[in-house]
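Scroll down for the structure; my scribbles are underneath it.
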Amino acid sequence: MPYIQFLGAAGTVTGSKHLINTSDDSSGKPGLQVLIDCGLFQGQKEWRERNWQDTPIPAREIDAVILTHAHLDHCGWIPRLVKEGFRGPIYATQPTIDLCSVVLPDSGHLQEEDAAFYNKKKVSKHDPALPLYTFEEAQDCQQYFKPVAVEQTMQLSPELSFRFVRAAHILGSCMVEVALPVNGRSSRLLFTGDVGRVRDSEIAPGKVVHSGPQEGETADVLVMESTYGNREHPKIDPRPQLASLIRDTVKRGGSVIVPAFAVERTQKFLFILKEMMESAEIPRVPVYCDSPMAIKAVEIFMKHSEEYTPQSAELIRKYGTPVEWQGFIFAQTAEESKKINESNFPSIIISSSGMVTGGRILHHLGQRLPDPKNLVLFIGFQAPGTRGAIIKGGAPEVKIFGQFIPIRAQVEAIEQYSDHADPPEMLEWLQTFKNKPGVTYLVHGEPTASSQLRSLMKKELGWNVQVAEYMEKVGVK
Ligand SMILES: [Zn+2]
């Protein structure tokens, strides 16, 4: 019987990897092995260590990867898979491929930096500490990417086909519909990847891509994310709160430090800042966008205008590209980045990584966290165990580059910018399904989030819902 095996994002929000094995024992034919997503584990050590484990079947025996979107927790293990011998096609939409061409080499660069740091400090039990993969290895794996248009059916073998449909999560993001024969009839599997906001941008202002995942789906087996399974997003416009936080910080002579994923989330936030400056809701202080990939990310973002909401299209029509805006400074080199730290004037610094797991944000926080004048503002999800979650959780100190840094800066979070549907939005979307799936497996959630969403779905929809377990194999009926 064909089966799905959950190789990641089970019991946690990172490391998304779901293996479909189509082998049919009765016919004795070897089946296809297809991986849906190939994400990096992030956060707690017990999870990160799984990045070093081999796949349960040799990487070279995996026939193809189908990628839902370009967040590292969904694509960041691809260079490692290739390093271990995978040579098949990686199917993704063109915007996802463009984003991967930036985020994967950047991830390789961070892996190399981490290894170099551990070797210098001699704090790793491995001697020498090695990167999971390098910048160059991440660049090399670009050759395996194959663009697939949304709603185009791709036949991977006489039996198995798939199709991308909109997930409305980030630029290029899609869900994957898979069709394969089981017991003489075609079975439909739907992998959601991350599900975007379901309602329009009134409650999710600044949303860049169109709201609303594909409606009217049918599925025999549904594999669905549950990141926000136990929390609802605030329903109020975040801009007044954001404006007052920025004004107060500037008034006391401090700077605002925003950890943000360099691609998409940063662009979205830049447009919100620009709009609030033009309407004089916030003062015109310098905005530093500190990431080696920031300019490339803006270019990709500007290229795929077909995915914008009308509001985003209007902002771009009015103000043009962020690279040209006065007072918005893009730091590419390490020297340009260091210069930001020399400035004592109030400013807004947006830097990655978004969960403070690495990157230049570490330098900015290391320098500015001890000063109560400053504000650290979170605009994205913080996975448990990450430095971002520790700072956001109100800890008195945080370890950065081996040193404990006292946290005296103000710490705030704005949850409205989430790109994930919350439980009421999930239900709204699931109610558009044409059938009741035979079984739903919840993945990509902390245990409490997944189990609460499971209870809600059972109660409200009467569906058969299971929470997927790490390495669990489930048959496809
Ligand atoms: Zn995502």
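All residue numbers in this chain count up from 1 along the given sequence. Start at 1 and go down the list; that is how both ligands and their atoms are numbered. Heavy-atom basis, side chains included; hydrogens, waters and symmetry copies ignored.
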Check whether any side-chain heavy atom of Met224 sits under 4.5 Å from a side-chain heavy atom of Trp429, and report yes or no.
yes
Under 3.5 Å: donor-acceptor pair, side chain of Asn464, backbone of Gly438
yes
Could you name each residue pair satisfying ring pair (Phe, Tyr, Trp, His ring centres under 6.0 Å) that touches residues 84-113, not counting sequence neighbours?
Tyr91-Phe162
Quick test of your reading: applying ring pair (Phe, Tyr, Trp, His ring centres under 6.0 Å), list the pairs with at least one residue in residues 216-235, sequence neighbours left out, ordered by first then second residue.
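Sorted result for residues 216-235: Tyr228-His233, Tyr228-Phe381, Tyr228-His420.
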List-wise, which protein N, O or S atoms are found short of 2.8 Å from the Zn ion (ligand 1)?
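You should have found His69 NE2, His71 ND1, His169 NE2, Asp194 OD2.
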Nearest non-hydrogen partners of Gln382 and Gly354, listed with the distance:
NE2-O, 3.1 Å
Once side-chain contact (heavy atoms from CB on, under 4.5 Å) is applied, do any residues pair with Leu110, and if so which ones, sequence neighbours excluded?
Asp106, Glu113
